[in-house]
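Here is the structure we will look at.
Just so it is clear, the structure is predicted and the values come from calculations on it, not from any experiment. Here is how names work: the chains are called A, B, and so on, in the same order as the sequence lines, proteins then strands, and each is numbered from 1. All values below were derived from every heavy atom in this structure, side-chain atoms included, with hydrogens, water molecules and symmetry-related copies excluded.
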2 protein chains.
Amino acid sequence: MSPIKLDERDIKILATLSREGRLSKSELAKRVNLSATPCWERLRRLEKAGIISGYHAQIELRQIAPHVSVFVMAELENHRASTFQAFEKAIDSYPEITACWALGGGFDYLLQVVTRDIDSYQRLIDDLLQRRAGLARYFTYIVTKPVKQAVLPPLDVLLAAPPKRK
Amino acid sequence: MSPIKLDERDIKILATLSREGRLSKSELAKRVNLSATPCWERLRRLEKAGIISGYHAQIELRQIAPHVSVFVMAELENHRASTFQAFEKAIDSYPEITACWALGGGFDYLLQVVTRDIDSYQRLIDDLLQRRAGLARYFTYIVTKPVKQAVLPPLDVLLAAPPKRK
DNA sequence: GTTGAAAAGGATAAAAC
DNA sequence: GTTTTATCCTTTTCAAC
């Protein structure tokens with residue numbers, strides 16, 4: 001699965017930086033109970049391996065711009081490979097579509113859209129429909145309140161040995 | 001709306017750090033065509049105002065642990081304030097529930113859950129149901145492919161003057 | 001793995017423009 | 001706003017254990 005073996009300290013490094021991405025390397029070393037040099041080597045190894053793929057500032061959008069966040073359940077016109085491809089390409093071209101997942105189950109895709117207001121959202125959807133990007137039906141769910149937003153799922157739980165079954 | 005006026009340079013700083021959160025301050029200054037001192041002051045102002053609320057390393061989960069990501073559309077048993085409260089409190093106690101939004105429209109909440117496998121997901125849901133946290137009905141959508149994940153919606157679009165209507 | 005040291009560069013603050 | 005300068009701290013590398 002993983003080309004790299006991670007021990008507890010690596011996990012600690014990942015968990016720490018996922019929460020405090022701008023920690024200095026000397027501070028990081030203290031947090032994970034390592035001296036600077038080996039900690040620095042581990043970090044470089046994690047970055048080189050692509051396990052840490054970047055660092056991002058968290059911007060509080062609501063502090064700077066009024067906006068609405070909308071989730072969209074989308075159904076395509078058909079399930080031809082070319083239709084999926086065209087749809088995903090179209091999705092990619094809208095910066096307001098901030099996330100997209102292909103789903104198993106009742107719908108083909110879940111989209112997250114962030115726009116200035118509902119009007120702008122509807123214009124985006126109309127545009128998507130007019131482009132014949134494969135979208136057949138869609139359901140709109142407006143976010144009324146962000147309740148929870150974790151940075152990372154619990155690595156220890158995911159990496160622990162799977163539970164025994166009888 | 002905002003207690004702080006942002007000019008183009010502030011926006012540039014935000015956009016830059018949202019993509020490259022570990023840029024040194026001198027590098028950042030170059031990117032936004034400012035010298036170190038004023039750039040540093042702007043950054044401190046943005047952090048103090050809570051517009052930048054943190055920095056996070058991006059971890060490539062699929063490189064280190066097998067897992068499934070699941071979206072759940074949830075309906076509560078009723079719409080009493082206490083029910084909402086109890087549900088949100090319950091949600092908060094599961095680290096595997098990595099995100100939760102309250103919705104307007106056909107469902108009450110959208111959840112994102114990350115677990116080791118489908119079994120673990122189902123156990124989490126069963127646990128949530130048994131706890132009588134207010135969950136009445138739920139629909140499960142398994143993520144088969146992450147298609148797009150932007151760091152930030154387009155700030156320039158959100159902050160631009162609203163379009164004229166006739 | 002560890003410490004310690006040393007060179008290079010970045011962060012911060014104050015001056016003067 | 002800018003540059004310059006000064007100081008201090010962090011990063012990074014290296015040698016030695």
Kindly point out which of C:dG10, D:dT11, D:dT2 is positioned nearest to the side chain of A:S24? D:dT11
Nearest whole Å is fine: how far is C:dA11 C1' from B:R44 CZ? 12 Å
Should A:L158 and B:L61 be marked as a side-chain contact (heavy atoms from CB on, under 4.5 Å) after you check the CA-CA gap, both sets of side-chain angles, and the distance that decides it? CA-CA 10 Å; A:L158 288 178; B:L61 243 203; 3.9 Å; yes
Assign A:R42 to base, sugar-phosphate, or nothing according to its heavy-atom contacts below 4.0 angstrom with the strands shown. sugar-phosphate
Proximal nucleotide (of C:dA13, C:dG1, C:dA11) relative to the A:L34 side chain: C:dG1
Look at the rings of B:F71 and B:W101 and say which category their plane angle falls in: under 30° parallel, 30 to 60° tilted, over 60° perpendicular. parallel
Most 5' of A:R22 and A:E41 on DNA chain C, judged by nearest nucleotide: A:E41
Rounded to whole Å, NZ of A:K25 lies from C1' of D:dT10 at a distance of 10 Å
Spacing between B:N33 atom CG and D:dT3 atom C1', to the nearest angstrom: 16 Å
Could you pick out which residue, B:L23 or B:T37, lies toward the 5' side of DNA chain C when each is mapped onto its nearest nucleotide? B:L23
Closest to the side chain of B:W40, out of C:dA11, D:dT12, C:dA13, is C:dA13
Between SG of A:C39 and NZ of A:K30, what distance do you get to the nearest 0.5 Å? 11.5 Å
Separation of atom NZ in A:K30 from atom C1' in D:dT10, rounded to whole Å: 10 Å
Taken to the nearest whole Å, CG/A:L28 to P/D:dT11 is 9 Å
Expressed in angstrom and rounded to an integer, what is the separation of B:E27 atom CD from C:dA11 atom C1'? 14 Å
Base, sugar-phosphate or nothing for A:S35? Non-hydrogen atoms, less than 4.0 Å. base
What nucleotide among D:dT12, C:dG10, D:dT10 has an atom nearest to a side-chain atom of A:A36? D:dT12
Taking NZ, NE, NH1 and NH2 as the nitrogens, is one of them in B:E8 or B:K12 under 4.0 Å from a carboxylate oxygen of the other? no
From CG of B:D7 over to C1' of D:dG1, roughly how many Å is that when rounded to an integer? 11 Å
Are the side chain of A:T144 and the backbone of B:A102 linked by a donor-acceptor contact shorter than 3.5 Å? yes
Whole-Å distance between C:dA13 P and B:L43 CG? 13 Å
